[in-house]
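Quick notes on the structure that follows.
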Amino acid sequence: MAYVITEACIGVKDAACVAVCPVDCIHPAPDEAAFTSEEQLYIDPGVCIDCGACQPECPVDAIYPLDEVPEHLAAYVAKNAAYYGR
Ligand code: SF4
Ligand code: SF4
């Protein structure tokens, strides 16, 4: 399983989640070139260890565990995976 970043991140992108992820699986980080062009950040489902550390850090509640992603935000599961070609 993995955590998923959804719509509320768009336009906020404060990277608070990036700072706490123990496995560095949230990208693009502020020091990456794609940070300015991507509208939101994404979690790599193949690397996320499901620790949950990022979720309480998000000021706009954009992060959900895979099995708790609301139905209307379901497309973001694939959107996160697609960023990593998964
Ligand atoms: S759940 Fe843990 S490992 Fe997964 S993205 Fe969040 S902080 Fe990183
Ligand atoms: S903490 Fe929330 S709003 Fe900030 S970058 Fe992460 S997912 Fe986006």
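Atoms within each ligand, like the ligands themselves, are counted from 1 in listed order. Each residue takes its place number in the sequence, starting with 1.
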### Message
Can you check which of Leu41, Thr6, Ile5, Val60 brings a heavy atom nearest to atom 7 (S) of ligand 2?
### Response
Ile5

What are the atoms of ligand 2, with element, lying closer than 4.0 Å to any heavy atom of [X]?
| X | answer |
| --- | --- |
| Ile63 | 7 (S) |
| Val12 | 3 (S) |
| Cys17 | 1 (S), 5 (S), 6 (Fe), 7 (S) |
| Ala15 | 4 (Fe), 5 (S) |

Single-linkage hydrophobic cluster [X]~[Y], side-chain heavy atoms < 4.5 angstrom:
| X | Y | result |
| --- | --- | --- |
| Ile63 | Tyr42 | no |
| Tyr83 | Phe35 | no |
| Ile43 | Val12 | no |
| Val4 | Ile26 | no |

### Query
Do Glu32 side-chain atoms and Ala29 backbone N/O form a donor-acceptor pair below 3.5 Å?
yes

### Message
Taking Ala53's backbone N and O only, do any of them form a donor-acceptor pair with Tyr3's side chain (distance below 3.5 Å, no angle check)?
### Response
no

### Atom indices of ligand 1, in the order listed, that fall short of 4.0 Å to a heavy atom of Pro22
7 (S)

### Summary
Checking heavy atoms under 4.0 Å, the part of Asp14 that sits near ligand 2 is both

### Task
Hey, could you give me the CG/CD distance between Asn80 and Gln40, rounded to the nearest 0.5 Å?
6.0 Å

### Query
Roughly how far, to the nearest 0.5 Å, is CE of Met1 from CG of Leu66?
6.0 Å

### Message
Tell me which pairs pass ring-ring contact (aromatic ring centres under 6.0 Å, His included) where either residue lies in residues 53-74, with sequence neighbours left out.
### Response
none

### Query
Does Pro65 have a heavy atom less than 4.0 Å from any atom of ligand 1?
no

### Flag if over 12 foreign heavy atoms under 6.0 Å of CD, Glu7
no

### Message
At a cut-off of 2.8 Å, what protein N/O/S atoms sit near atom 4 (Fe) of ligand 1?
### Response
Cys48 SG

### Protein contact of atom 2 (Fe) of ligand 2 - nearest heavy atom, named by residue and atom, plus distance
Cys58 SG, 2.3 Å

